[in-house]
Amino acid sequence: MLDQILAQQTIAAVKEIFDTDIGQELNLIQKTRKEFDGDLTIVVFPLTKILRKSPQLIGEELGKYLQTHSGMVQAYRVVSGYVNITIKPSFWKDVFIRNYGDPSFGILKPAAEDPVVIEYSSPNTNKPLHLGHIRNNLIGYSLARILGACGENVVKVNLVNDRGIHICKSMLAWQRWSRGETPESAGMKGDHLIGKYYVLFENAYREQVKELVGAGMTEEEALRQAPLMGDAQRMLKKWEERDKETLALWHRMNQWAYNGFDETYRQMGVDFDRIYYESDTYLLGKELVEEGLRQGLLQRKEDGSVWADLTAEGLDWKLLIRSDGTSVYMTQDLGTAQMRYDEFHPKKLIYVVGNEQIYHFDVLKLILKKLGKRWSDSIYHLSYGMVELPEGKMKSREGKVVDADDLMQEMFVTAGKMTRELGKLEDFSDEEASGLFRQVGLAALKYFILKVDPMKTMVFNPEESIDFNGNTGPFIQYTYARIQSVLRKAAVPEMSGNDFFSIDYQPIPKEISLIKILAVFPSTVREAGEMYSPAVIAAYVYDLAREYNQFYHDHSILKATEPAQVHFRIELSRFVGNVIKTAMGLLGIEVPEKM
RNA sequence: GGUCUCGUAGCUCAGCUGGAUAGAGCAGCAGCCUUCUAAGCUGCGGGUCGCAGGUUCGAAUCCUGCCGGGAUCACCA
């Protein structure tokens, strides 16, 4: 905001001094590097070519002009092509006074516009959530909050993949080998129980394939011919034919999975406004395909399978209906997208889905377009990178996955251990303590994941990754808790209006540094929204917390020398605390009053 | 092989819409608690920004090529 004002003033100054119009897009203003005096810097090099004058001369002229005309420039120094500008301290004080009491500082109210629909999580009901889902959920939930703070009308949706061949695998295995085991009888969360049978199926299936290969079959053929696979396919067929017994089993087991997921989401602190089930949308997808077929936009082969010809678009043919009449993932997604569009008419349809599905979404958009859906352009695939372990990719088949429930549980335990070691539990009840462990443990996990650019592949080391010191969630929570502690001790009522600021108090440099960071919070939120990146918020709030801790260490708040300073510092601290809380909220992270 | 993506300190990551001497945290070393919470603060060491060209007054950032890792190109989801 301040940089934009200065940019405008600089453009005006150039016009005034040199009688030359320069573009808006020149990007002349940057933050002054900390080894130089000043707040903002004008880079004059881009102007030298246009004005045909030396950097030194341009710099001097601009500095002189701005100092007398700008109203906010205290001083300037020209250093080898850079004009370092110091903003008047009173200006920073004004920024503070205008905003310090605003609880929604940086947060815009939702506009009455078409909503932004954001899908995340998208679990399969054949196995429990793992670390990859955690990243997905955290990014999706945080992004929903950030876009909301940017004034968007956000609808959070989940799409449960509750049908398909993989679901049949779990069902089949359970039917064969469970002897009627239930989550209650096994003492397991439902999603974990189902996952167990999915693994059983995969193991038995691989066993069969190995045998067939041993008997002389090619691997490819064996994968297709193994009896278990045939059984699963027949089950899927029966399911699509609404076979009563199959449906009953399906309902029963899916309910187990949902109960398990609900528990995981509750622990994680994410939620949804609307849940879609693919069993409800795949038929609509089939209808769309039938319609496309009638209009000659799609093609049917002799064996009955239906395809989209994307060769004109530089891609291949894409299957939409199998020869046995059952539908594939793409078919379902067509229906899901249509249903969402019909329901919300969103201006943007965001899918938080892993980068392994980039191709899938390219194809999805193309097929929708082919079917005449103009709104396919509003689809945005937010493709995030995979989470890898130190030894490489997670492999579900080899049991090399970090389970979401286990991981969160470990986080709570570790947080408890840390807290006890630090002796911080004196005035906590047991209930308060376990609440704190949850807050701190989750903060460590969430912040660790969200501080990384969503697009990038990241490495998670279960033993070492989670820290509670340094650039971490607990560090930021700690800063907040410290502030609250000071405020409790201060025991002065929150100031109303500007009463004590009429006193002629000028903030010291460290206080100004803090105000400078606070001042860019609104634009930071907007940037995070534009970039679809919670990492921007994470970097910001860490920066703020670090700066505050330095301030806190170097300067006494309650024992400052004069009353005006005490009051100012209390309100400054409160302001910092509020922004920390807001920013952490945008990441889906809670902050404790004490820790 | 085609397409896409990533490569920055021992490790995990910022910086990437071009700007001054490339930043944090962890790990290592050395300090700071009779004073508002030491999950904190201060200092030190640590870099051919994968390599080579190009564009530019200026490149970690943009372009090209190469090397290395990953993803994807299923009648899986």
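We name chains A, B, ... by the order of the sequence lines, and we start the count at 1 in each one. A quick note: this is a predicted structure, and the numbers were derived from the prediction, not measured.
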Testing the 3.5 Å rule here: is there a donor-acceptor pair between the side chains of [X] and [Y]?
| X | Y | answer |
| --- | --- | --- |
| A:Tyr329 | A:Gln357 | yes |
| A:Asp162 | A:Thr125 | no |
| A:Asn549 | A:Arg482 | yes |
| A:Asn84 | A:Thr41 | yes |

For a quick check of understanding: with a heavy-atom distance under 4.0 Å over all strands, which category does [X] fall into, base, sugar-phosphate or nothing?
| X | answer |
| --- | --- |
| A:Met458 | sugar-phosphate |
| A:Pro46 | base |
| A:Asn84 | base |
| A:Met595 | base |
| A:Ser323 | base |
| A:Lys594 | base |
| A:Ile165 | sugar-phosphate |
| A:Thr479 | nothing |
| A:Phe460 | nothing |
| A:Gln477 | nothing |
| A:Phe475 | sugar-phosphate |

Aromatic ring of A:Tyr82 stacked on base six-ring of B:rG19, 5.5 Å, 30°: no
A:Tyr478-B:rG40 aromatic stacking (under 5.5 Å, under 30°): no
[X], nearest nucleotide to its side chain (from [options]):
| X | options | answer |
| --- | --- | --- |
| A:Val452 | B:rC41, B:rA14, B:rU21 | B:rA14 |
| A:Trp307 | B:rA71, B:rC75, B:rU37 | B:rC75 |
| A:Asn549 | B:rU37, B:rG40, B:rG19 | B:rG40 |

Do any side-chain nitrogens or oxygens of [X] fall under 4.0 Å of OP1 or OP2 in [N]?
| X | N | answer |
| --- | --- | --- |
| A:Gln550 | B:rU42 | yes |
| A:Lys49 | B:rC57 | yes |
| A:Arg322 | B:rC76 | yes |
| A:Arg482 | B:rA38 | yes |
| A:Arg546 | B:rG40 | no |
| A:Lys456 | B:rC13 | no |
| A:Tyr329 | B:rA77 | no |
| A:Asn355 | B:rG70 | no |
| A:Lys489 | B:rU37 | yes |
| A:Lys451 | B:rU12 | no |

[N] - base-pair partner by Watson-Crick or wobble geometry, distances under 3.5 Å:
| N | result |
| --- | --- |
| B:rG58 | none |
| B:rC66 | B:rG50 |
| B:rG1 | B:rC73 |
| B:rU21 | none |
| B:rG28 | B:rC44 |

Pairwise [atom1] distance, [M] and [N] [rounded to whole Å]:
| N | M | atom1 | answer |
| --- | --- | --- | --- |
| B:rA59 | B:rA52 | C1' | 15 Å |
| B:rU17 | B:rG10 | P | 26 Å |
| B:rU64 | B:rU5 | P | 11 Å |
| B:rC29 | B:rA22 | P | 27 Å |
| B:rG68 | B:rU8 | C1' | 15 Å |
| B:rU61 | B:rA20 | P | 13 Å |
| B:rG53 | B:rA60 | P | 14 Å |
| B:rC16 | B:rC6 | C1' | 13 Å |

Base B:rC26 paired with A:Asn469 side chain (donor-acceptor, <3.5 Å): no
5' priority, RNA chain B, between A:Leu558 and A:Val459 [closest heavy atom]: A:Val459
Nearest-nucleotide comparison on RNA chain B, the residue closer to the 5′ end among A:Thr48 and A:Ala539: A:Ala539
Calculate the interatomic distance between [X] atom [atom1] and [N] atom [atom2]; express it in whole Å.
| X | N | atom1 | atom2 | answer |
| --- | --- | --- | --- | --- |
| A:Arg526 | B:rU17 | CZ | P | 20 Å |
| A:Tyr359 | B:rU72 | OH | C1' | 9 Å |
| A:Leu544 | B:rA24 | CG | C1' | 16 Å |
| A:Asp453 | B:rA60 | CG | P | 21 Å |
| A:Tyr540 | B:rG23 | OH | P | 22 Å |
| A:Phe468 | B:rG40 | CZ | C1' | 16 Å |
| A:Leu47 | B:rU56 | CG | C1' | 16 Å |
| A:Glu356 | B:rU3 | CD | C1' | 17 Å |

Any carboxylate oxygen within less than 4.0 angstrom of a Lys/Arg side-chain nitrogen, looking at [X] and [Y]?
| X | Y | answer |
| --- | --- | --- |
| A:Arg234 | A:Asp231 | yes |
| A:Lys510 | A:Glu547 | yes |
| A:Glu421 | A:Lys417 | no |
| A:Lys286 | A:Glu290 | no |

Syn/anti state of B:rC33 by chi, 90° boundary around 0: syn
Whether A:Phe460 and A:Phe448 hold their rings parallel, tilted or perpendicular, with breakpoints at 30° and 60°: perpendicular
Candidate pair A:Leu572 and A:Glu511, rule side-chain contact (heavy atoms from CB on, under 4.5 Å), full reasoning: CA-CA 8 Å; A:Leu572 180 61; A:Glu511 290 161 349; 3.9 Å; yes
